[in-house]
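Single-structure report; data block below.
By convention in this document, chain letters (A, B, ...) are assigned in the order of the sequence lines, proteins followed by strands, and residues within each chain are numbered from 1.
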2 protein chains.
Amino acid sequence: MMDLRQLRYFVAVARERNFTRAAHMLHIAQPPLSRQIQLLEEDLGVPLIIRKSRPIRLTEAGRLFYEQALQVLGRVEQMQAATRRVGLNQNSVVSIGFVASTLYGGLPSLVRKLRQHAPEVDIQLLEMVSVQQIPALKEGRIDIGFGRLRHSDPNVVGMVLREERLVVAIPKDTALAEDASPLAVAALAGQKVIVYPKEPRPGYADHVLNLLQSHDARPAEVQEVREIQTALGLVAAEAGVCIIPSSARQMRSDVHYRLLEGEGATSPVILSHRVGDNSRYIELVKRLIEEMYAENPPWLDPAYNFVPNHASDGSPAAHLETF
Amino acid sequence: MMDLRQLRYFVAVARERNFTRAAHMLHIAQPPLSRQIQLLEEDLGVPLIIRKSRPIRLTEAGRLFYEQALQVLGRVEQMQAATRRVGLNQNSVVSIGFVASTLYGGLPSLVRKLRQHAPEVDIQLLEMVSVQQIPALKEGRIDIGFGRLRHSDPNVVGMVLREERLVVAIPKDTALAEDASPLAVAALAGQKVIVYPKEPRPGYADHVLNLLQSHDARPAEVQEVREIQTALGLVAAEAGVCIIPSSARQMRSDVHYRLLEGEGATSPVILSHRVGDNSRYIELVKRLIEEMYAENPPWLDPAYNFVPNHASDGSPAAHLETF
DNA sequence: GCCTATGATACCAGAAAGGTATCGTAGCAG
DNA sequence: CTGCTACGATACCTTTCTGGTATCATAGGC
């Protein structure tokens, strides 16, 4: 079974391009080092080093493994340092899971506000899709989730912060892109459609596919990709159209966007947390979100968003009634 | 010394919230499991688990460690899978290091083209700043670098693909933002300036600071941050102005941009590779870049870019003469 | 073709992991 | 409040694995 020791050893060998010298750096003798590398190669079932050459060289697989091993070792060190810091300073940690699109909405300024108002907490940000957020909340891996899918888990409470209108991304210089006016969902019938994320299901892709189906807009072809970046890249490459939340328009300016019109052509932004989690930071986050919404940031443009009235009244208790 | 075994054991305990059950899952007896967790805590110098409670709970540090351990273990599996795939299929790997801003330029479509023209290669993308690309090239960790700083290492050849004009990001609703016309560099004297990245030096931050100095535009205050995202966030929060390559304008639309005018108010995009690396993929990449430039993509708008003539003539050999 | 630097192999010693038996205690039932 | 039970810690032994020493095999420069 693979082991961090083997990674450290391999990195030393790859860096030095010499077993003897690497063994020296590691403060061990050369034969055990040779053996550990052999074990590693055996475990992977792939040779990493070309030995019949002086100085030794890495195979293609070895080069890849070297690069990745460096990253993993760096990550482990970060992890140790972060854990020690939190453990020794008795700092609190607030772990926030979020879907990528919230990066183009209020998340950055929320995090900034949170750091200002609670400098003593360690804020951990983890990108994860909506369905991953529920188990992550229950296991305590995150404390707060910002997602885009409604759920009904009895142990997790969700609160709709806003409903964001959807836009369709269209390749420039096509018929649909001649107009900037809002477009009915039904008008997408017969188009090649690109959806994301491919997995895990159910996800935002299904939300989009449901929307199309409920408007009898059967696409000519559906292509699934892993991320919104890729999806928009494909739109730019004229591979089809793609439906995204309006705030994500910022990601690319080389495609054309049109607002979608029709029943359900929105996507909610949902804040979730554990039922009965009475950490003071949950309340603080809710208060900061209200504050932020009251400031009318550009991504909250009423042309593209609908904010449920309870989210803007002064009573935090009202939020909990959303589900 | 920390060990992947300990991570796996800790993850099992954290997930099960029960040592005995976790030991079962791991196919070992409970006492060794307890001991490994103790060793782990000792190594970190931080308690991870609150045992005087049934079921056991994680400390704050433990929660953080759990989350990160999951990520590390996932990363290790990915690494094994990728290495096996490359090793067994004898696929080639082309490793590309790039600075973040090229993501807003031609990198995505170059990668797409490369995948189309050479589906048998594994393309690895690694974000790294310009100065990190030189050692990464020499150690073989990457084969191609897209950076923004000129260098003069005898073992690495660089080729200027284009000179991109710089723009200054200005908070909305300030005096400088009232106009959209080009701005002289000297006009930035006395402004609070935000630069990135903080490290490693020398980097793009120094390029910007040199530019200001050479135009006698002494800033009132310089703040260094780690990434362009943060820098633009601070601009949006009215903490100052920030100079970025024009293609990065797409990143945020809630700040105001003005083109910079003046000697040297550009930033090159430089392709680097090892001297004497005659992999056919290097040539392919150069050909694809030429092809791409010939298509006049939106990020190559001549209002914002200057392409050296040798990069658009038909002769690949000319490129090598750039340095 | 020889010499040297360097990696592999063989084999032994010590450290560390895992197993079994047993003890101590949190949490709950009554 | 008391005793029971589930479950983690401790003690101690066995097995496995890592590291060390001695020695052999070979790539590459002269």
So, OP1 or OP2 of D/dA9: does either fall under 4.0 Å of a side-chain N or O from B/S34? yes

Of all the nucleotides listed (C/dG18, D/dT21, D/dT10), which has the minimum atom distance to the side chain of A/A29? D/dT21

I'd like to know if the side chain of B/Q38 pairs up with that of B/S34 as donor and acceptor (distance under 3.5 Å, no hydrogens or angles considered). no

For the pair made of CD in A/E16 and P in C/dA5, what is the distance, rounded to whole Å? 18 Å

Closest to the A/K52 side chain: D/dT21, D/dT18, D/dA27? D/dA27

Of the nucleotides D/dA9, D/dG19, C/dG7, which one has an atom closest to the side chain of A/F19? C/dG7

Closest to the side chain of A/N18, out of C/dT6, C/dG18, D/dC7, is C/dT6

Mind calculating the distance between CD (A/Q36) and C1' (D/dG20) to the nearest angstrom? 13 Å

Value in whole Å for how far the C1' atom of C/dT6 lies from CG of A/L33: 12 Å

Report yes if a side-chain nitrogen or oxygen of B/T20 is closer than 4.0 Å to either non-bridging phosphate oxygen (OP1 or OP2) of D/dG8; otherwise report no. yes

Rounded to the Å, how far apart are B/I28 CD1 and D/dT15 C1'? 15 Å

B/Q38 or A/D3, whichever maps to the more 5' nucleotide of DNA chain D: B/Q38

Nearest to side-chain heavy atoms of A/P31, which nucleotide of D/dT21, C/dG18, D/dT18: D/dT21

B/R75 side chain to A/Q71 side chain, donor-acceptor N/O pair below 3.5 angstrom: yes

Taking for each residue the nucleotide of DNA chain D bearing the nearest heavy atom, is the 5' side occupied by A/Q6 or by A/P55? A/Q6

OP1 or OP2 of D/dC7 less than 4.0 angstrom from a side-chain nitrogen or oxygen of B/R51, does that happen here? no

Which atom names give the shortest non-hydrogen contact between B/V46 and A/R84, and what distance separates them? CG2-CA, 3.8 Å

CG of A/L39 versus C1' of C/dT9: gap in Å, rounded? 14 Å

Residue B/R35, side-chain heavy atoms: nucleotide from D/dA9, C/dG18, D/dT18 that is nearest: C/dG18

Answer yes or no: side-chain N or O of A/Q30 and base N or O of C/dA8 forming a donor-acceptor pair under 3.5 Å. yes

Looking at A/R5, does any N or O in its side chain come under 4.0 Å of the phosphate oxygens OP1/OP2 on D/dG19? yes

